[in-house]
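Reading through the structure tokens given below for one structure.
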Amino acid sequence: MKWSETYIPTLREDPAEAEIVSHKLLVRAGYIRKLAAGVYNYLPLMQRVLTKISNIVREEMNAAGAQEILMPVLHPAELWQQSGRWQTIGKELMRTKDRHDRDLVLGGTHEEVVTNLIKGEVRSYRQLPLNLYQIQNKFRDEIRPRFGLMRGREFIMKDAYSFDRDEESFKISYQKMIDAYSKTFSRCGLETKIVESDTGAMGGKAAHEFMVIVDTEGGENIIFYCDKCDYAANMDKASSISETETEKEDAQKPLQKVATPGAKTVEEVTAFLNVSAKKLVKTLLYKADGEIVAAMIRGDRQINEIKLKNSLKCIDLEMADAPMVEKITKAAVGFAGPVGLKNVKIIADEEISQMKNFVTGANQDNYHFINVNVGRDVKIDSVSEIRNAQTGERCPRCKKGVLLTAKGIEVGNTFMLGTKYSESLGASFIDQNGKEKPFIMGSYGIGITRTAQAAVEKFHDERGIIWPASIAPLSVEILPLNVNDDKQREVAFQIYRKMKERDVEVLIDDRDERAGVKFNDADLVGLPLRINVGEKSLKEDKVEIVVRRTKEVISIKPEEALEKCVELLGSL
RNA sequence: CGGGGUGUAGCGCAGUCUGGUAGCGCACAUGGUUUGGGACCAUGGUGUCGGAGGUUCAAAUCCUCUCACCCCGACCA
């Protein structure tokens with residue numbers, strides 16, 4: 001490939017639109033261009049990267065027994081209404097209408113369509129297990145697209161769907177996908193951590209996410225993992241054993257209302273009363289499917305709305321606004337408390353049940369209660385874990401290790417769907433006993449575009465991208481430093497032709513540019529190997545092979561360059 | 001959706017407060033000199049100042065509305 005004939009619009013300056021390093025680099029190095037918020041063009045080099053990743057995904061999926069198909073992007077709304085997700089997914093579902101004013105969906109995932117596809121056709125347990133997948137553009141009407149390809153409204157995803165006769169068989173199918181995923185990412189040069197995750201609108205029983213751990217701003221998910229066992233989970237799922245100090249004072253003290261003028265926040269109240277935030281209980285009011293709910297949580301904890309949502313089993317959950325809070329508590333925001341709250345369901349974090357003589361708002365401006373006790377003063381409707389785990393807490397699995405946190409980019413996910421879709425859409429088969437049963441399903445996604453960006457976020461330096469060899473758009477870039485020098489041109493093109501004959505993917509920067517421009521562009525674009533063909537080294541009948549990652553320079557005879565590159569590529 | 005911000009040449013930006021000839025750097029074109037880490041000289045082209053309406057003798061600049069994009073938050077792969 002000749003640079004002069006390829007569309008690689010590199011930029012000298014960082015694009016104004018980009019915030020994180022991988023996004024900046026992909027734009028600067030001429031891989032992507034934005035069309036609209038969260039919608040991108042993939043330029044020639046990017047297309048090659050995406051093809052590389054897709055092919056690795058294909059090979060591993062096929063090896064795991066899955067079959068590639070291609071389903072429509074455009075779906076009739078009826079299917080989504082049947083599964084219930086027309087309602088539960090809400091605004092994130094990209095919807096449109098046709099000329100007859102019929103509702104349509106631009107697919108963001110294909111559980112409905114694939115279930116509909118096999119419904120009625122797969123009738124016997126003898127046809128199972130079955131796994132169908134596709135690689136396709138997906139749509140999500142993201143509330144806030146950002147970080148380039150990381151959170152787009154249109155993106156490329158591989159999605160697979162498994163159908164099994166029973167739980168036992170499903171477990172095998174699921175594990176096959178987990179193994180295939182680990183292999184896939186590792187072949188892409190990315191080590192991943194598998195974490196437990198919430199199932200969200202996808203539904204089902206359990207789910208896992210594949211995370212690339214990074215220490216840059218691009219890592220948008222916080223994950224928790226145990227330092228002793230293999231427990232790992234994302235923020236919405238991570239559980240922990242609280243190190244609540246056992247209350248020494250067993251005796252319940254009398255409930256007392258105290259003035260706390262102007263003290264609304266946890267900081268202000270604890271400072272005013274001179275108590276630890278661990279002795280305070282925050283009461284947060286929510287609207288859950290229209291019903292008012294009060295959530296109690298220790299003062300130093302963060303509430304996790306996903307956990308709260310799951311516990312309440314509601315679809316819509318939003319924090320009550322100030323007027324609503326004032327109406328319910330008859331006090332300004334900041335003084336809400338569970339004591340005396342009427343007609344409100346009270347849900348408490350499990351830590352609350354171990355607390356005694358704590359502080360809460362008094363539902364009266366400028367007053368708090370001290371020495372509040374569950375049972376005596378407050379009637380709690382339900383108790384469950386609704387707080388975020390925190391670094392340093394004990395592991396819920398081995399109960400010995402300590403939870404640590406890391407930042408990750410989610411590149412893949414797997415869902416144990418159970419019979420949610422097969423039941424709602426009426427897809428069943430006849431088992432060996434002649435009985436009709438719904439399929440046990442799983443769904444498995446890999447973000448192709450996201451994986452590409454995750455690789456950049458993980459592998460780059462101050463000069464540009466450093467692609468893992470397996471997903472680099474090409475393997476080698478040859479730089480004739482001065483194309484007006486016949487000798488340099490001749491030597492460079494000689495190596496170029498030989499590489500093409502050997503099927504080494506090679507780019508030659510044949511532009512009439514200064515050496516500095518070419519060096520900078522080469523570093524930006526980030527191919528694993530570079531060959532400098534310049535006056536200095538040619539004097540000694542040598543060219544230089546530069547390893548992008550290590551910056552190692554190998555001086556070598558032109559005719560030996562090809563073999564050396566092949567050898568080096570094998571080890572990258 | 002709430003809060004904050006930005007729209008001026010292909011890209012990055014100044015000019016807006018205080019209305020009066022639309023600018024700078026890079027890129028681009030032509031010629032010349034240069035050629036191992038983003039060259040230099042000369043010449044040249046480049047704009048519905050996001051859009052609509054208004055105020056004014058006069059609007060990039062003031063007012064109203066609107067659209068797009070970015071950042072923080074809620075949502076989520």
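Note that this is a predicted model, so its numbers are computed, not measured. Per chain, numbering begins at 1; letters A, B, ... match sequence-line order.
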message = Does A:Glu68, at its CD atom, have more than 12 non-hydrogen atoms belonging to other residues, nucleotides or ligands within less than 6.0 Å?
response = yes
message = Does a side-chain N or O of A:Arg514 approach OP1 or OP2 of B:G38 to a distance below 4.0 Å, or not?
response = no
remark   = For residues 486-496 of chain A, the salt bridge (Lys or Arg N to Asp or Glu O under 4.0 Å) pairs (sequence neighbours left out) are none
message = Does A:Lys518 reach a base, just sugar-phosphate, or nothing at all? Heavy atoms under 4.0 Å.
response = nothing
ask   = In terms of side-chain heavy atoms of A:Ala37, which of B:A74, B:C76, B:C70 is nearest?
value = B:C70
ask   = Of all residues at least two apart in sequence or in a different chain, which pass the side chain to side chain donor-acceptor pair (under 3.5 Å) check with A:Lys97?
value = A:Asp103
task = Scan residues 206-223 of chain A for pairs that pass salt bridge (Lys or Arg N to Asp or Glu O under 4.0 Å), counting only residues two or more places apart or in two chains.
result = A:Arg151-A:Glu220, A:Glu220-A:Arg450
message = Taking the nucleotide of RNA chain B with the nearest heavy atom to each, does A:Leu35 or A:Arg463 sit closer to the 5' end?
response = A:Arg463
Short side-chain N/O contact to B:A27 OP1/OP2 from A:Arg12, under 4.0 Å = yes
query = NA contact type, A:Gly534, heavy-atom cut-off 4.0 Å: base, sugar-phosphate, or nothing?
reply = base
task = Would you mind listing every side chain to side chain donor-acceptor pair (under 3.5 Å) that reaches into residues 36-46 of chain A, with sequence neighbours excluded?
result = A:His23-A:Tyr40
Base-contact (B) and sugar-phosphate-only (S) positions in nucleotides 1-6 of chain B, heavy-atom cut-off under 4.0 Å, - elsewhere = ------
query = Quick one: is A:Arg450 getting a side-chain N or O under 4.0 Å of the B:C76 phosphate, OP1 or OP2?
reply = no
message = Which nucleotide wins on minimum distance to the side chain of A:Asn532, given the candidates B:G36, B:C75, B:C69?
response = B:G36
ask   = Residues in side chain to side chain donor-acceptor pair (under 3.5 Å) with A:Ser239, at least two apart?
value = A:Glu385
ask   = Looking at RNA chain B, which of residues 476-490 of chain A put a heavy atom within less than 4.0 Å of it?
value = A:Leu481, A:Asn482, A:Asn484
request  = Please name all residues satisfying side chain to side chain donor-acceptor pair (under 3.5 Å) with A:Arg549, sequence neighbours left out, ordered by chain then number.
outcome  = none
remark   = Separation of B:A74 atom P from A:Asp141 atom CG, nearest Å, is 19 Å
message = From C-beta outward on A:Val517, which listed nucleotide comes closest to its side chain: B:G38, B:G36, B:G73?
response = B:G38
Stacked cation flag A:Arg95 on A:Trp86, 6.0 angstrom / 45 deg = yes
query = So what does A:Gly38 hit on the nucleic acid, given a heavy-atom distance under 4.0 Å: a base, only sugar-phosphate, or nothing?
reply = nothing
task = For A:Glu17 and B:C11, give me the distance from atom CD to atom P, rounded to whole Å.
result = 10 Å
inquiry  = Distance to the ring centre below 6.0 angstrom and angle to the axis at most 45 degrees; does that hold for A:Lys193 and A:Phe210?
reply    = no
inquiry  = Rounded to whole Å, please give me the gap between CD in A:Glu220 and C1' in B:G73.
reply    = 14 Å
task = Could you tell me which residues satisfy side chain to side chain donor-acceptor pair (under 3.5 Å) with A:His110, sequence neighbours excluded, listed by chain and number?
result = A:His75, A:Gln134, A:Gln136
request  = Scan A:Glu19 against the nucleic acid and name what it touches under 4.0 Å (heavy atoms): base, sugar-phosphate only, or nothing.
outcome  = sugar-phosphate
note = Among B:G12, B:C71, B:C75, the one nearest any side-chain atom of A:Glu13 is B:G12
query = A:Ile306 near the nucleic acid: base, sugar-phosphate alone, or nothing, with a heavy-atom cut-off under 4.0 Å?
reply = sugar-phosphate
message = Heavy atoms from C-beta onward define the side chain here; which of B:C13, B:G73, B:C69 lies closest to that of A:Arg153?
response = B:C69
